[in-house]
Protein chains: 2
Amino acid sequence: MNGATTSVELRAHNRVRLLRAVHDCGATRTRSQLTRDLHLARGTASVLVAGLAEDGLLHEEPAPGAARGRPTHVPGPHPRGPLALAVDVREDAWELAACELGGRVTVLDVRPHDGTPEGALGPLGEAVRAHQARLGPRAVGVGVALPGPVRHGGLVDIPHLGWRSVDVPALLAPDRGGAGAPVPGGPLVGNDTALAALAEARRGRLRGVRVGLHLHVDFDLGGVLVVDGRPLDGAGGSGAEFGHMPLTGGDRPCPCGATGCWSMDVGANALLRRVGLAYGGGRGREQAEHVLATSEEAVAANATALGRGIAALVNALDPEVVTLSGHGVELYERASGQLLAACEPGLMAIRRDRPPRIAGSALGWRGSLLGAMESVFDEFLTPEGLDRWRESHPDQAPDTPEPQNVTHSTLKGRNPI
Amino acid sequence: MNGATTSVELRAHNRVRLLRAVHDCGATRTRSQLTRDLHLARGTASVLVAGLAEDGLLHEEPAPGAARGRPTHVPGPHPRGPLALAVDVREDAWELAACELGGRVTVLDVRPHDGTPEGALGPLGEAVRAHQARLGPRAVGVGVALPGPVRHGGLVDIPHLGWRSVDVPALLAPDRGGAGAPVPGGPLVGNDTALAALAEARRGRLRGVRVGLHLHVDFDLGGVLVVDGRPLDGAGGSGAEFGHMPLTGGDRPCPCGATGCWSMDVGANALLRRVGLAYGGGRGREQAEHVLATSEEAVAANATALGRGIAALVNALDPEVVTLSGHGVELYERASGQLLAACEPGLMAIRRDRPPRIAGSALGWRGSLLGAMESVFDEFLTPEGLDRWRESHPDQAPDTPEPQNVTHSTLKGRNPI
DNA sequence: GGCTTTTGTTCACGGTCAGAGCATAAACTG
DNA sequence: CAGTTTATGCTCTGACCGTGAACAAAAGCC
């Protein structure tokens, strides 16, 4: 992102570039490929890799495929290297995972909860602290995805669960008592839509896309613009709320406090309402999935509302691609016709010539969790982050036991990964 | 923006940083202040300034105020330094100016036109070419602001003037015959709203603001998000069209091809329609100004629609500041009460706690022209741009006569600068 | 007029990367 | 199976850059 000014910053900058390249490609590229991609001299790459390996950040393995010349190696995560703890908190359950550099995910824990701030975040905090203690300095950060707007580094509102300015960092670590202020080393709290978009930008269908629009459909609808691989999260961190614009002409009051929000017409709650079932409070995920699978009419209504809103956003923002995650994937698969039919008349004439691609996410329901991981590594893969690592690893990293590879059942929804 | 990788890139990067700092502060800071601001050693700054002065890019003048120690100097534009040609094309007239590094503007020409592509751009192209010939290599680029969406580097649509995919670069320079492709050295065509937002970000009320929303009101309404000093112009360059979302619940067909656009309810055309006068086709600027000054009712209707749309966008994007330019300044001065009253009920509850500031532009009607200038310097103030300059100035720049300092009357509207 | 303060200039020094030359390790060739 | 080809890793030299200290310069202050 930013530029180096002095020679020593230059070295730090190149260390970060190399490490990020390894992470972004999922530890698949060989050293010689990386050398070319980053326009480095072979000697420079040699020094950089050696340094990162010595710091316990990288570990080279022989490259699998046999090629013509001298065999090269694939730099990947160090066996005692940094781990990001990532959490996806939904309205009815949470999932905790440890993630290596490169993006390999090991699910550590999955638990349902009662929808209250204490009921959800208390046990989660305990689990996080236990794993942090077990992993020691290998745990370089905690990223948490939450299904509501996040303000000023941790205050979360989820109107339909009755969460009002819930201080998530404080509830996760009661002793540290941070009043909304982002404690150094505290959890990185983010909106699930914004984090799903981040994952999509790094490892999904928005990879390499300069301007993309990501929409995340769960109980309600979130949306955010992704520019140059970064979701635009607003001034206070809560800028992924495209669902709270009155794009579909409704006049129903929204729990958010406004009226006629697009979000009222798309998502699990809208599906349930459409068929006359009870909705709200984070309940009814299974019924909603049943409706999605069986009620042609409710699906069509959802898809129509989705399409109309997409048209408005495409007019305004001119994205190259529109991606859908959560229920959006199935909604698009089952009713792309209605969606596109509702979208087209809402487009400006000049947009109809070259409409953006619309695509389901490649990450399924894993987006928010992966985005939480990326948010941790985004902070770690900086000169400052690597300096901290170096300080916490005086010479040789102590032998930490591998994280238990028990993979619990993951949160509901398909998991293509 | 991006970072240097090698030592020599580092030098180029620091040259750019210094030059940009001079430009951004309007050539007001002293060399010692710049040295501190950029965290440079005095020796480095010395070498950099000397190099830039020798290249004909900077020229140091003694600092005006007398301080305690050894007197310092103020680096400013070189008398034979680079000039950006900037053009603001409106529906009924255009204005051409030459701009020095640092932002000093000299208006070169102002002319009304008939609203046709040829009528507007033919004479403009002649004027531009004449000045380019006069200035030689000092003219480092041409930036053009146009009141409609700009696609793929130059194709412009202005529905209410009947412009459909007008190839602006080709019409400005018929001999070069670029078919929409951005010719190297060709004009940088941009949307007036996006460029007004750019100017606001660099020299107006969005300076230093991480996330801001800028709305430009002329005959109709344009809007764009500004992040880190950069307006988000979409995948094809036409992402400043917040006016073409159905935010106010109308159902009137819009010339753009969609229905119920916000833009139908705000701007000169909306004012004229409200009082029953003829509108469209870029005519009626003076009548609209009269309506704005006299009709309480039409102004209130405009302000209400503006406020309602702002609420939706604030919900979605969480900007820190909302700025208004063009007629928006007067609209806000005359009816901020109605605007805010319409905005508030549309906000999410969490936004009502900390609503963004709303402010009239500090640049009045000059924004688009200044933004056109900034777009030229944004391309010039890069390692590549400075290399081109060095190549076109083999050793010592030839003596070019100063641009005539005749300042024509500027385009209609107040000009605080 | 001498002292203090601030800034510009010069230069030795350490750090960084590019590039060339050489070593290495595989596949290919006959 | 031995020589050739090819691609890569390693090492060293050279050029470049910014830092920081020492010195010079130019003003205000006492």
Side-chain angles (χ1 to χ4, degrees), chain A residues 2-19 21-22 29-55 58-76 383 386-387 390, chain B residues 2-19 21-22 29-55 58-76 383 386-387 390:
Chain A
N2 58 342
T5 301
T6 76
S7 328
V8 51
E9 282 174 24
L10 205 133
R11 166 60 63 100
H13 184 235
N14 275 331
R15 279 166 61 95
V16 168
R17 284 210 310 152
L18 180 54
L19 220 45
V22 170
R29 286 241 233 313
T30 66
R31 191 218 278 214
S32 63
Q33 285 175 317
L34 290 166
T35 303
R36 278 189 298 271
D37 292 352
L38 301 179
H39 298 107
L40 294 170
R42 287 207 300 269
T44 309
S46 209
V47 176
L48 287 174
V49 171
L52 292 168
E54 195 182 0
D55 290 350
L58 283 186
H59 174 76
E60 281 194 321
E61 299 254 345
R68 183 71 192 267
R70 174 173 175 171
T72 181
H73 293 254
V74 177
L386 297 189
D387 278 349
R390 230 168 172 171
Chain B
N2 59 342
T5 300
T6 77
S7 328
V8 50
E9 281 173 24
L10 206 125
R11 165 60 62 99
H13 184 235
N14 275 331
R15 280 167 60 95
V16 168
R17 282 210 311 151
L18 180 55
L19 221 45
V22 170
R29 285 239 233 315
T30 67
R31 174 153 138 197
S32 64
Q33 286 176 316
L34 290 165
T35 304
R36 280 190 297 271
D37 292 351
L38 301 179
H39 299 106
L40 295 170
R42 288 208 298 271
T44 310
S46 209
V47 177
L48 288 174
V49 171
L52 292 169
E54 195 182 1
D55 289 351
L58 283 186
H59 174 74
E60 279 194 321
E61 298 255 345
R68 183 71 191 269
R70 174 173 174 171
T72 180
H73 293 254
V74 177
L386 297 190
D387 279 350
R390 229 167 173 171

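Chain letters run A, B, ... following the sequence lines, proteins first and then strands; every chain starts at 1. Just so we're clear, the structure is a prediction, and the values are computed from it rather than from any experiment.
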On a heavy-atom basis, which atom in A/Val74 and which in A/Arg29 lie closest, and how many Å separate them?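 That would be CG1-O, 3.5 Å.
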
Could you report the tightest heavy-atom contact between A/Leu58 and A/Pro75, atom names first, then the distance?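 Scanning both residues completely, I find the closest heavy atoms to be CD1-CB, 4.1 Å.
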
Which part of the nucleic acid, if any, lies within reach of A/Thr35 when heavy atoms closer than 4.0 Å are counted: base, sugar-phosphate only, or nothing?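 No contact at all - A/Thr35 keeps every heavy atom at 4.0 Å or more from the nucleic acid.
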
Is A/Ala45 touching bases, backbone alone, or none of the nucleic acid, heavy atoms closer than 4.0 Å?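 Touches nothing.
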
Nearest whole Å is fine: how far is [N] [atom2] from [X] [atom1]?
X       : N      : atom1 : atom2 : answer
B/Arg15 : D/dC16 : CZ    : P     : 15 Å
B/Arg42 : C/dT5  : CZ    : P     : 15 Å
A/His13 : D/dC17 : NE2   : P     : 18 Å
B/Arg68 : C/dC3  : CZ    : P     : 14 Å
A/Glu9  : C/dT16 : CD    : C1'   : 13 Å
B/His39 : D/dC17 : NE2   : P     : 22 Å
A/His73 : D/dG9  : NE2   : P     : 7 Å
A/Arg29 : D/dT8  : CZ    : P     : 14 Å

Can you identify which nucleotide, out of [options], has its nearest atom closest to the [X] side chain?
X       : options               : value
A/Ala41 : C/dA18, C/dT24, C/dT9 : C/dA18
B/Leu10 : D/dT8, C/dA26, D/dC17 : D/dC17
B/Ser32 : D/dT8, C/dT7, D/dC17  : C/dT7
A/Arg11 : C/dC17, D/dG20, D/dG9 : C/dC17

Does [X] put a side-chain nitrogen or oxygen below 4.0 Å from OP1 or OP2 of [N]?
X       : N      : value
B/Thr6  : C/dA18 : no
A/Asn14 : C/dC17 : yes
B/Thr72 : C/dG8  : yes
A/Arg70 : D/dC10 : no
A/Ser7  : D/dC17 : no

What's the separation between atom CG in A/Leu40 and atom CG in A/Leu34, rounded to the nearest 0.5 Å?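 Result: 9.0 Å between the selected atoms.
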
Residue whose closest nucleotide on DNA chain C lies nearer the 5' end, A/Val47 versus B/Thr44: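 Per heavy-atom nearest nucleotide, the more 5' residue is B/Thr44.
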
Along DNA chain C (nearest heavy atom to each residue), the more 5'-positioned of A/Leu48 and B/Arg31: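 Upstream on the strand: B/Arg31.
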
pair B/Arg11-B/Val47: side-chain heavy atoms closer than 4.5 Å: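 The answer is yes, as the side chains (C-beta and beyond) meet within the 4.5 Å cut-off.
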
Can you confirm whether B/His39 sits close enough to A/Thr5 that some side-chain heavy atom of one is under 4.5 Å from a side-chain heavy atom of the other?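 When only atoms from C-beta onward are counted, A/Thr5 and B/His39 do not touch, as no gap falls below 4.5 Å.
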
